[in-house]
Number of protein chains: 2
Amino acid sequence: MLSLAEENYLKSIYHLSDAGEKAVLTNELAEALNTKAASVTDMVKKLSTKEFISYEKYYGVKITSKGKSVALAVIRKHRLWETFLVQTLGFKWDEVHEVAEQLEHIKSTLLIEKIDEFLGYPQVDPHGDPIPNAQGKIKKLEKTALKNLTAGSESTIVAVKDSDSNLLKYLEKIGAKPGKKLTVISKEEYDGSLQVAIESQHYFISKEVSENILVTL
Amino acid sequence: MLSLAEENYLKSIYHLSDAGEKAVLTNELAEALNTKAASVTDMVKKLSTKEFISYEKYYGVKITSKGKSVALAVIRKHRLWETFLVQTLGFKWDEVHEVAEQLEHIKSTLLIEKIDEFLGYPQVDPHGDPIPNAQGKIKKLEKTALKNLTAGSESTIVAVKDSDSNLLKYLEKIGAKPGKKLTVISKEEYDGSLQVAIESQHYFISKEVSENILVTL
DNA sequence: CTACAAATTTAGACTTACCTAAAAAAATAT
DNA sequence: ATATTTTTTTAGGTAAGTCTAAATTTGTAG
Ligand SMILES: [Mn+2]
Ligand SMILES: [Mn+2]
Ligand SMILES: [Mn+2]
Ligand SMILES: [Mn+2]
């Protein structure tokens with residue numbers, strides 16, 4: 001049985017590695033987990049011994065398929081809980097991430113399957129992120145950050161960053177929800193800011209925000 | 001912010017003290033928490049420093065009102081979650097206690113208030129135990145264990161012990177649910193076993209079982 | 001190629017929540 | 001009242017997960 005800390009490390013490694021594609025460095029993990037590099041080295045050794053990751057000193061870690069399946073189970077729980085909180089209990093989409101960070105560690109297969117069934121097997125969470133199924137299969141979205149689009153391009157919002165409550169409140173205000181059409185009207189080379197249209201409303205968007213909105217290719 | 005261990009200690013102290021009436025001894029607590037007396041002494045000192053309990057060496061602990069309000073908040077969450085699992089997700093009443101032991105430690109006032117609202121402010125959990133309100137007020141049930149009844153007495157089941165899954169499956173089978181009428185037909189002095197009627201069906205009940213069914217006075 | 005900087009690991013400590021074994025206090029029995 | 005048993009506390013350790021500071025390795029720039 002994995003500890004809360006171990007589960008959080010595996011989840012972060014999974015995310016930072018782009019679903020296991022690339023190696024993750026010690027400092028990246030320390031940053032993501034709000035801890036220190038020395039602590040990461042310790043934990044990474046432990047997870048490596050248990051074969052959830054492979055670790056080569058000074059070269060970072062790669063997640064194994066065993067580790068991936070743990071990570072995906074945690075991500076599944078996180079996203080199902082977020083969906084439940086919004087759809088069933090009426091939470092706002094900026095209120096759910098923190099609570100889901102706790103709920104994702106509840107150990108009960110029955111519970112999460114019942115929630116999934118209760119919700120009618122949702123495919124994506126309130127922020128547009130895909131929900132892995134019980135077997136750990138996850139739909140990979142074809143997506144890019146809004147900041148990569150050029151002036152004139154039209155696209156649809158696929159997902160948004162879920163962990164910044166203030167960002168989410170702002171996105172709500174401008175109607176930047178998954179599913180909405182978005183057109184880039186102009187782009188300022190100097191600071192990377194954009195002018196965009198969402199449902200015929202025009203908005204100025206900072207580069208920072210444009211990094212956290214994911215759109216169709 | 002209290003740790004999981006601290007919350008569990010306070011909950012156990014509350015239960016073992018009959019809602020704070022009497023002092024709780026070190027060994028009782030060790031037994032209830034599945035730990036050793038030495039560990040209890042350590043924790044009890046810590047909780048005492050933090051003023052959740054008062055502790056006098058060799059004489060056991062008493063819960064303070066500060067401690068009581070923590071305990072009641074945890075009990076509230078436990079019972080609301082159990083109710084949610086049964087009513088909303090279709091868990092059986094013997095499947096919920098273990099999961100609720102985890103869910104009761106989720107930190108989010110909003111979450112538990114939303115669950116309470118969603119359920120329509122239930123007064124008792126699936127095992128008949130009263131649910132404290134958000135202010136920590138709890139209805140004290142007038143109840144006694146079935147084993148204290150004498151032959152001929154009629155009563156109504158108020159609550160049953162919630163933590164033994166096999167007991168609950170058995171009680172389900174004989175229809176011993178909170179709200180049901182129960183008559184003691186005879187009592188065997190030798191081993192304390194009883195013959196009872198529930199909805200005109202007759203059952204032999206061991207002393208052990210009769211200690212875990214609570215009935216009206 | 002060498003010097004300096006950046007990233008990472010190692011060493012040594014700390015906190016929480018446990019444990020066992022020994023000592024001390026309280027309860028009970030003679 | 002004294003001896004024995006039971007309960008509780010103290011002493012000293014352990015494992016998980018964290019930290020700071022120092023040492024080591026790797027990367028970069030002249
Ligand atoms: Mn989230
Ligand atoms: Mn999300
Ligand atoms: Mn319970
Ligand atoms: Mn219950």
Side-chain angles (χ1 to χ4, degrees), chain A residues 1-17 22-63 66-67 70-71 74 101-102 104-107, chain B residues 1-17 22-63 66-67 70-71 74 101-102 104-107:
Chain A
M1 182 128 301
L2 291 174
S3 71
L4 187 143
E6 290 171 321
E7 287 190 346
N8 282 335
Y9 270 82
L10 289 173
K11 187 174 54 134
S12 274
I13 292 166
Y14 179 88
H15 285 314
L16 292 172
S17 69
K22 56 182 204 201
V24 178
L25 305 178
T26 302
N27 272 355
E28 288 181 272
L29 260 180
E31 160 95 61
L33 290 162
N34 243 290
T35 184
K36 297 295 148 75
S39 311
V40 171
T41 300
D42 285 348
M43 178 60 93
V44 134
K45 282 177 181 169
K46 187 166 58 151
L47 289 172
S48 170
T49 306
K50 297 190 179 181
E51 302 193 295
F52 293 109
I53 58 178
S54 63
Y55 165 55
E56 226 185 317
K57 257 188 179 183
Y58 295 102
Y59 287 92
V61 303
K62 281 210 64 181
I63 195 161
K66 192 178 161 194
V70 171
V74 175
E101 285 291 308
Q102 299 178 60
E104 73 189 8
H105 301 290
I106 299 292
K107 261 104 178 157
Chain B
M1 179 125 306
L2 290 174
S3 71
L4 186 142
E6 289 171 321
E7 288 190 345
N8 281 335
Y9 268 82
L10 289 173
K11 185 172 58 134
S12 274
I13 292 167
Y14 179 87
H15 284 315
L16 291 172
S17 68
K22 56 181 203 201
V24 179
L25 304 177
T26 302
N27 272 355
E28 288 182 90
L29 214 38
E31 159 96 57
L33 290 163
N34 245 289
T35 184
K36 297 297 148 72
S39 310
V40 171
T41 301
D42 285 348
M43 179 58 94
V44 135
K45 282 178 180 165
K46 186 168 54 153
L47 290 172
S48 170
T49 306
K50 296 189 181 181
E51 301 193 298
F52 293 109
I53 58 178
S54 64
Y55 165 55
E56 224 185 318
K57 258 187 178 182
Y58 296 103
Y59 288 92
V61 302
K62 282 209 64 180
I63 195 160
K66 191 178 161 196
V70 171
V74 175
E101 284 292 308
Q102 299 178 59
E104 71 189 10
H105 301 290
I106 299 292
K107 261 101 178 162

A.B. asks: Send over the distance from A:Asn34 CG to D:dC19 C1', rounded to a whole Å.
C.D. replies: 14 Å
A.B. asks: With sequence neighbours left out, what residues match A:Lys50 under side chain to side chain contact (heavy atoms under 4.5 Å, CB included)?
C.D. replies: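 Here the qualifying residues are A:Glu6, A:Lys46, A:Phe52.
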A.B. asks: Listed by chain and number, what are the salt bridge (Lys or Arg N to Asp or Glu O under 4.0 Å) partners of A:Lys66, not counting sequence neighbours?
C.D. replies: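 Expected list: none.
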A.B. asks: Checking B:Glu7 now: which residues fulfil salt bridge (Lys or Arg N to Asp or Glu O under 4.0 Å) with it, not counting sequence neighbours?
C.D. replies: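 Scan of B:Glu7 (salt bridge (Lys or Arg N to Asp or Glu O under 4.0 Å), adjacent residues dropped) gives B:Lys107.
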A.B. asks: Applying side chain to side chain contact (heavy atoms under 4.5 Å, CB included), name anything that partners B:Ser54, two or more places apart in sequence or on another chain.
C.D. replies: B:Lys62
A.B. asks: According to salt bridge (Lys or Arg N to Asp or Glu O under 4.0 Å), who are the partners of A:Lys57, at least two apart in sequence or on a separate chain?
C.D. replies: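 A:Lys57 satisfies salt bridge (Lys or Arg N to Asp or Glu O under 4.0 Å) with no other residue.
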A.B. asks: Given atom CG of A:Leu4 and atom P of D:dA15, what is their separation to the nearest angstrom?
C.D. replies: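 Going from CG in A:Leu4 over to P in D:dA15 covers 21 Å.
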A.B. asks: With heavy-atom distances below 4.5 Å as the criterion, would you say the side chains of A:Val44 and A:Thr26 are in contact?
C.D. replies: no
A.B. asks: Under 4.0 Å between a side-chain N/O of B:Lys36 and OP1 or OP2 of C:dT20, yes or no?
C.D. replies: yes
A.B. asks: Between C1' on D:dA16 and CG on A:Leu47, what's the gap in Å once rounded to a whole number?
C.D. replies: 12 Å
A.B. asks: Measure CG/A:Leu33 against P/D:dT18 and give the value in whole Å, please.
C.D. replies: 8 Å
A.B. asks: For a quick test of reading the model: is some side-chain N or O of A:Ser39 closer than 4.0 Å to OP1 or OP2 of D:dC19?
C.D. replies: yes
A.B. asks: Please output the side-chain donor-acceptor pairs of residues 27-43 of chain A that fall under 3.5 Å, not counting sequence neighbours, one pair per line with the distance.
C.D. replies:
unit_1: A:Glu28; atom_1: OE1; unit_2: A:Leu25; atom_2: N; d: 2.7
unit_1: A:Thr41; atom_1: OG1; unit_2: A:Ala37; atom_2: O; d: 3.2

A.B. asks: For DNA chain D, find the residues of residues 6-14 of chain A with a heavy-atom distance under 4.0 Å and give them by number; none if there aren't any.
C.D. replies: A:Tyr9
A.B. asks: For every nucleotide of nucleotides 6-11 of chain D, 5' to 3': is a protein heavy atom under 4.0 Å from its base (B), only from its sugar-phosphate (S), or from neither (-)?
C.D. replies: -SBBB-
A.B. asks: What pairs of donor and acceptor atoms, side-chain ones from residues 9-16 of chain B against any protein atom, are under 3.5 angstrom apart with sequence neighbours left out?
C.D. replies:
unit_1: B:Lys11; atom_1: NZ; unit_2: B:Glu101; atom_2: OE1; d: 3.2
unit_1: B:Lys11; atom_1: NZ; unit_2: B:Glu101; atom_2: OE2; d: 3.0
unit_1: B:Lys11; atom_1: NZ; unit_2: B:Glu104; atom_2: OE1; d: 3.3
unit_1: B:Lys11; atom_1: NZ; unit_2: B:Glu104; atom_2: OE2; d: 2.9

